[in-house]
Number of protein chains: 2
Amino acid sequence: MNSFLPTEQRIDHTRERYPPFPREPAVLVRLIKHLHKLVHDDANATLRPYGLNHPEYNLLMMLYGTPGGALSASELAESSGEKSANITRLTNGLCDKGLIARTADEDDRRKVMLALTPAGEALIGALLPDVCALLDRQMRTLDAGDQRQLEGLLKKMLSGLTA
Amino acid sequence: MNSFLPTEQRIDHTRERYPPFPREPAVLVRLIKHLHKLVHDDANATLRPYGLNHPEYNLLMMLYGTPGGALSASELAESSGEKSANITRLTNGLCDKGLIARTADEDDRRKVMLALTPAGEALIGALLPDVCALLDRQMRTLDAGDQRQLEGLLKKMLSGLTA
DNA sequence: TATAGATATTACATAAATGAATTAAATTAC
DNA sequence: GTAATTTAATTCATTTATGTAATATCTATA
């Protein structure tokens, strides 16, 4: 898992067998997959002591970072990239743990608004130092300029995937 | 899902509540997650007509791109990033479909060597044009220079995650 | 205001992934 | 040469994620 070289060699061998296979796009897609997995596993390890996994943490941080502090289930699904059925399961778990609370929206009674409880706020306060250390560590090989440049390129890539 | 702006706004609001939260690393991690999901879903949609999902396709391409054409189960796990238990499940499915075949390794009888069958080779030959088109389309907003630069930065990021 | 159509949420069934434990074969140490 | 250790692959139980369909509520328009 530590070296990406074998992956590149396989892509090169694939191109010998099938020349139109586009090297750079294939390398980039594999890198994204590889990085995602490492970041995801790393985050899970950091969050486990707090009784959370990465998707649960993401939902809590969506609420923490939202002015007003409340989002509907579908807004959470949209912003977190999870399927709505999965949001129900995850928010059930977070409600059971007492970290978030559901309230019916007054204007649109189809909606269920979700917000952090004091216990949820407290948990985030407790884990943020570890999370910040994790994020800084994960990006430690990139200086400020690298990070800005990478952000720009990833957004450029993103623009080709959504349109 | 199409805009990344709300995510950035949430990160900014998080930083108002908790200033040490590192903006760039958080943005980059979210971008990686976002891009991975889009690429993954996109690939699944392209592969479905061929009766494959993305993990299955990855395993087949590992074998296709390996000189000699055979890998052991643990080598497949290592190179694909899947857990070994998952490799067993996935390769069972691919064997059932007749796309790969298991043979015992002569030197080490604990090992199970996996290789493409003629049917597996044929399927890859059939789907590669679509996959190449997909890859080129996914990276269409990045010119050759962008792609090289992005590859370099992602590898630099990777070096901080594995060590 | 009645009703057709759209949206939000949830429930249920199914699929995919993971972790822990098991079996079998090879390697090492004695 | 035998016992202990390591490694490879699988099985089983559990967790996590997805797709489909059902239910309830809202919106628009005739």
Side-chain angles (χ1 to χ4, degrees), chain A residues 1 33-34 36-45 47-48 51-60 62 70-97 100-115, chain B residues 1 33-34 36-38 40-45 47-48 51-60 62-63 70-97 100-115:
Chain A
M1 180 62 86
K33 179 171 150 50
H34 208 63
H36 176 262
K37 181 172 178 49
L38 290 171
V39 165
H40 181 81
D41 291 351
D42 220 359
N44 273 330
L47 294 167
R48 184 163 306 119
L52 296 176
N53 59 26
H54 198 182
E56 289 174 327
Y57 162 80
N58 276 330
L59 296 191
L60 294 181
M62 293 286 163
L71 289 170
S72 71
S74 53
E75 285 169 332
L76 259 187
E78 160 77 15
S79 58
S80 67
E82 303 283 349
K83 299 284 187 296
S84 64
N86 212 22
I87 291 293
T88 298
R89 181 183 62 84
L90 290 166
T91 54
N92 281 343
L94 293 171
C95 282
D96 290 348
K97 292 176 190 168
I100 64 173
R102 289 190 168 99
T103 54
D105 186 73
E106 295 180 356
D107 299 331
D108 187 339
R109 283 185 304 173
R110 290 173 304 182
K111 289 189 182 176
V112 173
M113 298 305 286
L114 298 154
Chain B
M1 179 64 84
K33 178 171 152 48
H34 207 63
H36 176 263
K37 183 173 176 49
L38 290 170
H40 181 82
D41 290 351
D42 220 358
N44 272 330
L47 295 167
R48 183 161 307 119
L52 296 176
N53 59 28
H54 198 185
E56 289 173 328
Y57 162 81
N58 276 330
L59 297 191
L60 295 181
M62 294 284 163
L63 297 176
L71 289 171
S72 71
S74 50
E75 286 169 332
L76 257 188
E78 160 76 16
S79 58
S80 67
E82 303 283 349
K83 298 284 187 296
S84 63
N86 210 25
I87 291 293
T88 299
R89 182 183 62 84
L90 289 165
T91 54
N92 281 343
L94 292 170
C95 282
D96 290 347
K97 291 176 189 168
I100 66 174
R102 290 191 168 98
T103 54
D105 186 74
E106 295 179 357
D107 300 329
D108 186 339
R109 284 187 301 171
R110 290 171 305 179
K111 289 190 182 176
V112 173
M113 299 305 286
L114 299 152

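In what follows, chains are A, B, ... by sequence order, proteins preceding strands, each numbered from 1.
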>> Nearest whole Å is fine: how far is C/dA8 C1' from A/Leu114 CG?
In response: 12 Å

>> Within the 4.0 Å heavy-atom criterion, would you say A/Ala85 contacts the bases, only the backbone, or no part of the nucleic acid?
In response: base

> Roughly how far, to the nearest 0.5 Å, is the CE atom of B/Met62 from the CD atom of B/Glu75?
Replying inline: 12.0 Å

> Nearest of C/dA26, C/dA8, C/dT9 to any side-chain atom of A/Val112?
Replying inline: C/dT9

> What distance do B/Glu78 atom CD and B/Ile87 atom CD1 have between them, rounded to the nearest 0.5 Å?
Replying inline: 10.5 Å

> Which of the following nucleotides, C/dT18, C/dA6, C/dA25, is nearest to the side chain of B/Arg110?
Replying inline: C/dA25

> What residues in residues 87-97 of chain B put a non-hydrogen atom under 4.0 Å from any atom of DNA chain D?
Replying inline: B/Thr88

> Could you state the interatomic distance from OG (B/Ser80) to NE2 (A/His34), rounded to the nearest 0.5 Å?
Replying inline: 10.5 Å

>> Measure CZ/B/Arg48 against C1'/C/dA16 and give the value in whole Å, please.
In response: 14 Å

> What are the bounds, 5' to 3', of the part of DNA chain D that sits under 4.0 Å from heavy atoms of chain A?
Replying inline: D/dT16 to D/dC26

> Quick one: is B/Arg109 getting a side-chain N or O under 4.0 Å of the C/dA24 phosphate, OP1 or OP2?
Replying inline: no

> Side chain of B/Lys97, backbone of B/Gly51: donor and acceptor closer than 3.5 Å?
Replying inline: yes

> Atom CG of A/Leu76 and atom P of C/dA8: how far apart are they, to the nearest Å?
Replying inline: 13 Å

>> Assuming nearest nucleotide by heavy-atom distance, tell me which of B/Glu75 and B/Asp41 is located more 5' along DNA chain D.
In response: B/Glu75

> For the side chain to side chain contact (heavy atoms under 4.5 Å, CB included) test, which of B/Thr91, B/Leu90, B/Asn58 pairs with B/Leu76?
Replying inline: B/Thr91

>> In whole Å, I'd like the distance from the NZ atom of B/Lys83 to the P atom of C/dA21.
In response: 17 Å

> Can you find a side chain N or O atom of A/Ser74 that sits less than 4.0 Å from OP1 or OP2 on C/dT9?
Replying inline: yes

> Rounding to a whole Å, what distance do you find between B/Asn58:CG and C/dA16:C1'?
Replying inline: 15 Å

>> For A/His54, is there any backbone N or O sitting under 3.5 Å from a side-chain donor or acceptor partner on A/Asn44?
In response: yes

> B/Asn53 CG to C/dT14 P: how many Å, rounded?
Replying inline: 19 Å

> What is the distance from atom CD1 of A/Ile100 to atom CG of A/Leu94, rounded to the nearest 0.5 Å?
Replying inline: 4.5 Å

>> Is it the case that the side chains of A/Asn86 and A/Arg89 hold a donor-acceptor pair, with the cut-off being a distance below 3.5 Å and no angle test?
In response: yes

> Expressed in angstrom and rounded to an integer, what is the separation of B/Glu56 atom CD from C/dA15 atom P?
Replying inline: 13 Å

>> Rounded to whole Å, how long is the line connecting atom CG of A/Asn86 with atom P of C/dT14?
In response: 18 Å

>> What I'd like to find out is whether the side chain of B/Met113 reaches to under 4.5 Å of the side chain of B/Asp108, using heavy atoms alone.
In response: no

